[in-house]
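Some notes on the structure that comes next.
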Amino acid sequence: YHLQIREELAMKMKMVKKLVAMALVSTMALSGLAACGDTKEEKPAADTGKEEGKDNGESGEKQTLKLAAFKGGNGEKIWEDIAAAFEEEKGVEVELEMSSELDKDLTKSIQKGEFPDVVYYNLGQKSGFTETMLKEGAIADISDVFADEELKGRLLDGITDGTDAQPFADGKIYLAPIFYTPTGFWYNKNLFEGENKKYDLPTTWEEFFALGDAAKADGVSLFTFPQSGYLDATIYSMLAQAGGTEFYQKAIKYDKDTWTSEEGKKVLDTLGKLVSPEYTEKDTVANANADGGFKINQQNVIDNKALFMPNGNWVIGEMAASTPEDFRWGMMPAPKWEGDETQTMYTFTEQMWIPAEAENMDLAKEFIKFMYSDEVVDLMLANKVENKETGEKVATPIVSPVLGASDKLEDGVVKDTYTLASSEGYNAVAGTWATTKAIDGFDMKGTVYGAIDALNTGDLTADAYQQQLIDAWTKCLENLQ
């Protein structure tokens, strides 16, 4: 599937380059102008050449923005509302496409030479669609959008500095972080505070594993994970916790010493202990690999069969139908090590981007700016999703990385997680593994996260996992764009 889209995109981009080159030659011949330049550094994403007047609505016809949005846990209505607000604001039409299989639908469109103007589809999805588009140079450079001083003044510090916005770590922004969510270990707050308190909430890994030993005596497991991929935020935060921000930034850009360093070994030793059968609920891996089984693992925290799991606040709505009324969610960062002064939290972002072949490039950029407006901030905070089992409208607020947005949240666990991320003594980090060129036969997610299942079952030793990561980082560094 990935090979197919890469071949299609490659053919498309070669044709576009050829047509643009021919157009330039014709223009120079007619005008008598001469020009020279080195095009080696040019990426397809940088070319936004359009027929004059076409992108700016100079024909007098109402412009149409084609918006493609992944249909996920935030529901459909939020995109309908945002589209309607943009139409009213700009006097344009928005053609909205929503799909839970957006990657497949867009692949078919791209094969026919049809591109949307704006896409909401994240990094890190199972399909790897956004990563593939990046590798093929099929996503536009939108650095100019975020060069706007007014917009920069509205955004959270550093929100566009990570590799989830600058995937090639080259200072250029290709992905707009439109939502953000602090992540950590979620748990049943009733077990740790109040009249039915049973345990003390740990802050260090030493305390965490000691709690696991105590809970084991009660027939309760310390840990579970919905699926191994949910440990991405845990690994990111552990790397930053172990070595600091500079070490973390080098690690996500495949520094050769990442996994042989003292800090890297500390992360791997702790991770191996965490996912071992000694501390992880016995059916975790089986459930994680069964259809819909991730919810069983999440339910095990609600049912007090496991104390902690890595997740984000979307789990509240996701599990609302099976959560008792008196249950209280809590979230803490992944633990720190003894002697650490600060505690790291990983912030997950969701991204929007513009295809390099978008027909309405300027309008698409205006739409991305609009995503950070007060109107959209308020629409997202008021978001509600219908529970399909009960028909009830469940509050599912979405938080924009705009200054002050999280302050508007209603009091409760969701607001608490955002407050914690910006509190003294806590350090928030973001970003993902830097994007590389396409590497035939290499599966990054399977190498880093899929192997965690094998660590739990004993099919992979800790030493073998370390070597697997060392080899992967060597390969990725060689292919860093």
Side-chain angles (χ1 to χ4, degrees), residues 2 124 126 128 131 185 205-206 208-209 212-213 216 221-243 247-248 250-290 293-294 297 306 308-310 334-335 337 346 431-480:
H2 289 161
K126 187 175 182 180
E131 288 86 344
F185 287 178
W205 284 110
E206 292 80 2
F208 190 76
F209 289 120
D213 295 334
K216 197 182 304 179
S221 296
L222 175 66
F223 192 69
T224 188
F225 49 86
Q227 293 174 325
S228 60
Y230 279 66
L231 285 158
D232 56 355
T234 303
I235 294 175
Y236 289 135
S237 65
M238 289 173 76
L239 285 167
Q241 185 69 49
F247 175 81
Y248 170 71
K250 288 181 178 179
I252 63 176
K253 296 166 189 171
Y254 312 111
D255 182 87
K256 64 183 179 61
D257 299 323
T258 298
W259 302 113
T260 55
S261 66
E262 181 182 343
E263 296 87 350
K265 289 178 180 177
K266 184 160 66 170
V267 169
L268 292 179
D269 288 345
T270 306
L271 181 65
K273 187 174 182 179
L274 176 65
V275 301
S276 70
E278 185 177 0
Y279 292 105
T280 292
E281 198 275 331
K282 61 182 178 60
D283 294 324
T284 293
V285 171
N287 291 334
N289 290 281
F294 76 99
N297 287 336
F308 298 95
M309 66 174 168
W337 283 276
Y346 180 79
T432 60
W433 313 123
T435 299
T436 67
K437 301 172 187 174
I439 305 173
D440 289 341
F442 178 67
D443 178 5
M444 183 65 168
K445 292 183 74 173
T447 300
V448 180
Y449 310 124
I452 290 171
D453 288 345
L455 275 179
N456 174 271
T457 60
D459 292 333
L460 185 71
T461 66
D463 288 343
Y465 182 49
Q466 181 190 31
Q467 189 59 53
Q468 184 168 299
L469 294 178
I470 292 170
D471 294 343
W473 257 235
T474 299
K475 187 176 297 185
C476 289
L477 183 59
E478 291 171 352
N479 289 276
L480 195 59

Parallel, tilted or perpendicular: rings of W205 and F208 (30°, 60°): perpendicular
T457 and V285, any side-chain heavy atoms less than 4.5 Å apart: yes
T280 side-chain N/O to P277 backbone N/O, donor-acceptor pair under 3.5 Å: no
Derivation and outcome, side chain to side chain contact (heavy atoms under 4.5 Å, CB included), residues T224 and N287: CA-CA 10 Å; T224 188; N287 291 334; over 6 Å; no
Heavy-atom side-chain contact between W473 and V448 under 4.5 Å: yes
Whether over 12 other heavy atoms sit under 6.0 Å from K282 NZ: no
Side chain to side chain contact (heavy atoms under 4.5 Å, CB included) evaluation trace for Y346 with T234: CA-CA 8 Å; Y346 180 79; T234 303; over 6 Å; no
Validation row: Q468, L460 side chains within 4.5 angstrom (heavy atoms): yes
Heavy-atom check, side chain of F185 versus side chain of P310, under 4.5 Å: yes
Side-chain (S228) to main-chain (Y449) donor-acceptor, under 3.5 angstrom: yes
Side chains of D463 and Q467, donor plus acceptor under 3.5 Å: no
K250, NZ atom: more than 12 neighbouring heavy atoms under 6.0 Å: no
Donor-acceptor pair, side chain of Y248 and main chain of Q241, under 3.5 angstrom: no
4.5 Å side-chain heavy-atom contact, Y465 and I470: no
Check: A251 main-chain N/O paired with D255 side-chain donor or acceptor under 3.5 Å: no
Value rounded to 0.5 Å, distance of CZ in F223 from CD in E281: 12.0 Å
Under 3.5 Å donor-acceptor, K445 side chain and G124 backbone: yes
Gap between atom CH2 of W259 and atom CG of L268 - 0.5 Å precision: 5.0 Å
Check: N297 side chain, F225 main-chain N or O, donor-acceptor pair, under 3.5 Å: yes
Value rounded to 0.5 Å, distance of CD1 in I235 from CD1 in I452: 4.0 Å
Flag side-chain contact, heavy atom, 4.5 Å: T474 against Y254: no
Interatomic distance, T260 atom OG1 to Q466 atom CD [nearest 0.5 angstrom]: 7.5 Å
K266 atom NZ, neighbour heavy-atom count above 12 within 6.0 Å: yes
Test item: W337 and V267 side chains (from C-beta on) under 4.5 Å apart, heavy atoms: yes
Value rounded to 0.5 Å, distance of NZ in K253 from CG in L477: 12.5 Å
Atom pair OG1/CG of T435 and N479 - distance to nearest 0.5 Å: 12.5 Å
Close side-chain approach of L222 to F209, heavy-atom, < 4.5 Å: yes
Steps toward side chain to side chain contact (heavy atoms under 4.5 Å, CB included) verdict (L274, Y279): CA-CA 6 Å; L274 176 65; Y279 292 105; 5.6 Å; no
Parallel, tilted or perpendicular: rings of W433 and Y236 (30°, 60°): tilted
For the student: nearest non-hydrogen atoms of T447 and A472, plus distance: CG2-CB, 3.8 Å
